[in-house]
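Below: the structure, in structure tokens.
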Amino acid sequence: AKMDVDQIFAEGMDQLEHLPDKVVKSASEIRELDIKVTDLVKKINIRVCAYAKSIKKMTREQKNHHISEIEKMYVEAGNMSRSKVALATELYDSVDQDISMMDKTTKKLEAGSRRLVDEDGGTSDGCRRKKKKKGDQFEDAPVLNVPVVEMPVDPNEPVYCTCNQVSFGEMVCCDNPDCKVEWFHFQCVGMTAGPPQHVKWFCEICRPAFKQIPNQWNYETNEPPAVKKNRKSLVKGNLKDE
């Protein structure tokens, strides 16, 4: 069984050996075609500009000749573009096929590893399963030391807030449309709930410029502004004469 696992692994590595060369070759061909198409498009633009400037001085035969040449260049550029797409599609299909083959190899390796564990009496790589005893409800599972891996952050993901971090959790937006930061994390500004729709909230940077705006968030208590009760006006005639 050990030989079977080694053989399966060797076959899987053989399948991958040709993959880098194939990718490099196809990518190089696509790049060459891309350069040719770019140069050809520049030539087409130059030819079209020259034709537009001289069209009034040209005879019908000259016009037809220029149009024919431009059309040929467009056709050539289109053919090269289609070749690029065909190469990319072929490379994708080839890599996809290799991935499928590797999936099959991985399943074979898993099956072979399970056979090795069974043949070794339930031990593999230092993992041991205890035999189930009478009265035991569950069989002890092997204990593995699995390292904690932090997921990488996309370097292209935009950052916000004064902490200069990516978007996460609940966030509040500054009501200044020209605010350079725009969004802030609740915990960074001491919020537990966002402001109501009718209440304005400005960040510390924008706040001084918008002091005169009414109905703003209460920044001292970090809560919506208190609702002012309407005072009843005194009407003449309601007071009793002494």
Does [X] reach the side chain of [Y], with side-chain heavy atoms less than 4.5 Å apart?
{"X": "Val189", "Y": "Val172", "result": "yes"}
{"X": "Ile46", "Y": "Cys49", "result": "no"}
{"X": "Val166", "Y": "Tyr160", "result": "no"}
{"X": "Pro224", "Y": "Pro195", "result": "no"}
{"X": "Pro225", "Y": "Val199", "result": "yes"}

Would you say that more than 12 heavy atoms from the other residues, nucleotides or ligands in this model lie under 6.0 Å from the [atom1] of [X], or not?
{"X": "Lys63", "atom1": "NZ", "value": "yes"}
{"X": "Ile205", "atom1": "CD1", "value": "no"}
{"X": "Tyr92", "atom1": "OH", "value": "no"}

Worksheet entry | Heavy-atom pair with the smallest gap, counting every atom of Cys203 and Cys174 |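 Where Cys203 meets Cys174 most closely, the heavy atoms are N-SG, 3.5 Å.
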
Worksheet item: Considering all heavy atoms of both residues, which atom of Tyr219 and which atom of Gln216 are nearest to each other, and what is their separation?
Response: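 Closest pair (atom of Tyr219, atom of Gln216, distance): OH-OE1, 2.7 Å.
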
Would you compute the distance between atom [atom1] of [X] and atom [atom2] of [Y] and round it to the nearest 0.5 angstrom?
{"X": "Met58", "Y": "Lys53", "atom1": "CE", "atom2": "NZ", "answer": "12.0 Å"}
{"X": "Phe168", "Y": "Cys161", "atom1": "CZ", "atom2": "SG", "answer": "7.5 Å"}
{"X": "Glu29", "Y": "Ser83", "atom1": "CD", "atom2": "OG", "answer": "10.0 Å"}
{"X": "Lys84", "Y": "Arg31", "atom1": "NZ", "atom2": "CZ", "answer": "9.5 Å"}
{"X": "Gln62", "Y": "Tyr51", "atom1": "CD", "atom2": "OH", "answer": "10.5 Å"}
{"X": "Glu90", "Y": "Ile30", "atom1": "CD", "atom2": "CD1", "answer": "9.5 Å"}

Excluding sequence neighbours, so at least two apart, what forms side chain to side chain contact (heavy atoms under 4.5 Å, CB included) with [X]?
{"X": "Glu32", "answer": "Ser28"}
{"X": "Leu40", "answer": "Ile44, Met73, Glu76, Ala77, Met80"}
{"X": "Thr38", "answer": "Asp34, Lys42"}
{"X": "Asn222", "answer": "Met191, Trp217"}

Worksheet item: Mind checking what makes salt bridge (charged side-chain N to carboxylate O under 4.0 Å, His left out) contact with Asp39, not counting sequence neighbours?
Response: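 Checked Asp39 against salt bridge (charged side-chain N to carboxylate O under 4.0 Å, His left out); zero matches.
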
Discussion item. If hydrophobic clusters are built by linking Ile, Leu, Val, Met, Phe, Trp and Tyr wherever their side-chain heavy atoms come under 4.5 Å apart, do Val181 and Phe210 end up in the same one?
Written reply: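 Result: yes, single cluster for both.
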
Worksheet item: Which residue pairs pass the side-chain hydrogen bond (donor to acceptor under 3.5 Å, both in side chains) test when at least one of the two sits in residues 180-209, sequence neighbours left out?
Response: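 Every candidate side-chain hydrogen bond (donor to acceptor under 3.5 Å, both in side chains) pair involving residues 180-209 fails, so no pair, neighbours aside, qualifies.
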
